[in-house]
Amino acid sequence: MNNLSDSTIETGLSDLPAPQPPVDLVPNVLYRTGLSDVCWQMESSIGPLWIAASRDGITAVDRAAPADAFVTRYRDRFGRDVRAVERPPEKLARSTERLLNGDRRTPPPFDLSHSTPFEAEVLRKALEIPRGQVRPYSWIAQEIGRPQAARAVGSALAGNPVPLLIPCHRVVRGDGVIGNYIFGTEVKRSLLTEERANIDRLEEFGRSGIRFVGSDTTRIFCFPTCRYQPKEEHLQLFHSEAEARARGYRPCKVCRPALAG
């Protein structure tokens with residue numbers, strides 16, 4: 001028979017510690033309702049990164065800094081609150097990690113709503129450039145139907161809010177010089193080297209005015225980093241698309257070099 005009085009039970013309960021909600025509860029509730037974005041840290045080949053996301057997808061990537069500094073930069077740029085979480089949205093975090101590791105099959109969604117339509121189009125085209133390959137700014141301009149907008153393409157890539165995930169480091173100058181990068185030229189060179197892009201050869205070609213390479217067996221010309229590279233004994237070098245066509249070569253359907261360079 002239970003002889004405990006109600007007052008004894010109440011006294012015992014009052015001695016228990018007050019229940020504490022999970023530390024991520026408030027940020028995750030605000031995230032799911034669209035009232036705030038979330039951010040978390042993730043390792044990469046260039047060190048720890050902050051990854052931020054809205055309900056619609058990844059919004060920002062930045063090199064790790066104190067959380068309050070990242071939050072301040074984020075609010076200044078996007079005009080939205082962002083809160084750090086220990087456990088990010090699982091599916092989004094998994095797909096982000098896979099993309100950082102080079103798997104492009106199931107990329108995370110991106111929220112580019114703070115970019116202009118032109119900027120978003122440029123960024124989505126850059127996402128198509130395979131690992132280990134590069135394209136000139138003019139290629140993106142041509143691909144999006146704005147062949148005279150290579151300079152504007154460069155400006156759009158300079159403001160890429162999600163570098164590494166959208167690989168603007170794979171876009172270089174038409175003369176083969178790798179050009180500037182959000183995290184610095186040396187980081188860009190390091191990333192491309194890690195991806196096994198032959199930067200030394202690309203820059204050597206650039207100094208010689210070589211823009212395309214071709215094979216005298218297939219009669220196809222490509223960008224110098226296309227995965228379909230001719231064997232050395234069949235290698236042909238071209239200074240321009242016009243030169244390649246004049247010698248009876250047609251553009252590669254994979255890297256699509258026509259009218260670029």
Side-chain angles (χ1 to χ4, degrees), residues 44-46 61 99-105 107 119 121-144 146-147 149-215 220-232 235-241 243-244 249 251-261:
S44 77
S45 61
I46 64 169
V61 173
L99 187 56
L100 280 175
N101 290 329
D103 186 348
R104 299 191 307 149
R105 291 174 296 179
E119 290 168 340
E121 194 172 13
V122 167
L123 294 170
R124 294 192 186 282
K125 180 55 64 173
L127 190 59
E128 297 179 13
I129 304 173
R131 185 179 177 88
Q133 299 186 37
V134 300
R135 301 286 187 272
Y137 296 106
S138 56
W139 178 83
I140 289 183
Q142 178 65 34
E143 287 276 309
I144 65 173
R146 301 280 294 276
R151 187 178 295 274
V153 165
S155 297
L157 293 174
N160 180 7
V162 283
L164 287 186
L165 295 180
I166 293 182
C168 55
H169 63 277
R170 296 176 191 156
V171 187
V172 300
R173 286 174 24 181
D175 59 4
V177 175
I178 66 172
N180 297 324
Y181 184 52
I182 293 167
F183 298 142
T185 302
E186 287 308 309
V187 171
K188 183 173 186 177
R189 179 179 294 275
S190 175
L191 287 168
L192 292 172
T193 300
E194 178 194 350
E195 296 178 0
R196 298 186 178 180
N198 193 335
I199 299 304
D200 292 338
R201 184 185 194 224
L202 186 70
E203 291 184 326
E204 181 183 347
F205 280 166
R207 288 190 292 270
S208 303
I210 302 301
R211 300 294 178 262
F212 306 105
V213 298
S215 169
I220 290 173
F221 71 95
C222 304
F223 286 119
T225 59
C226 179
R227 70 174 184 264
Y228 295 111
Q229 289 296 293
K231 293 182 178 180
E232 202 65 31
L235 180 66
Q236 301 295 306
L237 305 177
F238 306 108
H239 294 83
S240 67
E241 175 194 345
E243 180 185 354
Y249 285 71
C252 173
K253 292 183 179 179
V254 175
C255 67
R256 303 189 295 277
L259 301 179

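All residue numbers refer to positions in the sequence shown, counting from 1.
For Asn180, the CG atom is loosely surrounded, since the number of other residues' heavy atoms within 6.0 Å does not exceed 12. For Arg146, the CZ atom counts as loosely surrounded, since its 6.0 Å shell holds 12 or fewer non-hydrogen atoms of other residues, nucleotides or ligands. Within 6.0 Å of CZ on Arg151 lie no more than 12 heavy atoms contributed by other residues, nucleotides or ligands.
Residue Gln236 holds its CD atom at 13.5 Å from CD1 of Ile220, rounded to the nearest 0.5 Å. With rounding to the nearest 0.5 Å, the separation of OG in Ser44 from CG in Leu164 is 5.5 Å. Put simply, CD1 on Ile178 and CD1 on Ile199 are 6.0 Å apart, with the number rounded to the nearest 0.5 Å. In this structure, Leu99 CG and Arg104 CZ are separated by 9.0 Å, a value rounded to the nearest 0.5 Å. With rounding to the nearest 0.5 Å, the separation of SG in Cys252 from CZ in Phe212 is 11.5 Å.
Of the possible polar contacts, one joining the Thr225 side chain to the Val134 backbone as a donor-acceptor pair under 3.5 Å is found. Proximity of a side-chain donor or acceptor of Ser208 to a complementary backbone N or O of Glu204 within less than 3.5 Å is detected. Between the Lys125 side chain and the Glu143 main chain, no donor and acceptor come within less than 3.5 Å of each other.
Tested against Arg189 for a side-chain hydrogen bond (donor to acceptor under 3.5 Å, both in side chains), the candidates Glu194, His169, Glu203 yield a single pass: Glu203. Here the options are Gln133, Glu128, Glu195, the test is side-chain hydrogen bond (donor to acceptor under 3.5 Å, both in side chains), and the partner is Arg170; only Glu195 passes. Tested against Arg135, the residues Ile129, Ile140, Val172 include a single side-chain contact (heavy atoms from CB on, under 4.5 Å) partner, Ile129.
At least one side-chain heavy atom of Phe221 sits under 4.5 Å from a side-chain heavy atom of Pro251. Leu237 has its side chain out of reach of Arg211: every pair of non-hydrogen atoms, C-beta onward, lies at least 4.5 Å apart. Side-chain contact check for Thr193 versus Asn198: every heavy-atom pair is 4.5 Å or farther apart. Annotation: side chain of Ile210 is in contact with side chain of His239 (closest heavy-atom distance under 4.5 Å). When side chains are defined from C-beta on, Cys222 does not count as touching Arg227, because their heavy atoms never get closer than 4.5 Å. Taking 4.5 Å as the limit, every side-chain heavy atom of Lys188 sits out of range of all side-chain heavy atoms of Leu191. In this structure, Pro107 and Leu165 have side chains that are not in contact, with every pair of non-hydrogen atoms separated by 4.5 Å or more.
Here the shortest heavy-atom pairing between Asn160 and Ile166 reads ND2-O, 2.9 Å. Closest non-hydrogen pair, Val213 versus Pro224, comes out as CG2-CA, 4.1 Å. When all heavy atoms are compared, the tightest approach of Pro136 to Val171 is C-CG1, 4.0 Å. Residues Ser215 and Tyr249 come closest through the heavy atom pair O-CE2, 3.1 Å. The shortest heavy-atom contact between Pro163 and Tyr181 is CB-OH, 4.0 Å. Closest non-hydrogen pair, Phe183 versus Val61, comes out as CZ-O, 4.5 Å.
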Exercise. Output, in order, the C-alpha distance, side-chain angles, deciding distance and verdict of side chain to side chain contact (heavy atoms under 4.5 Å, CB included) for Glu119 and Val122.
Key: CA-CA 5 Å; Glu119 290 168 340; Val122 167; 5.7 Å; no

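Between Trp139 and Phe223, the ring planes are perpendicular. Angles over 60° get that label, and only those under 30° would be called parallel.
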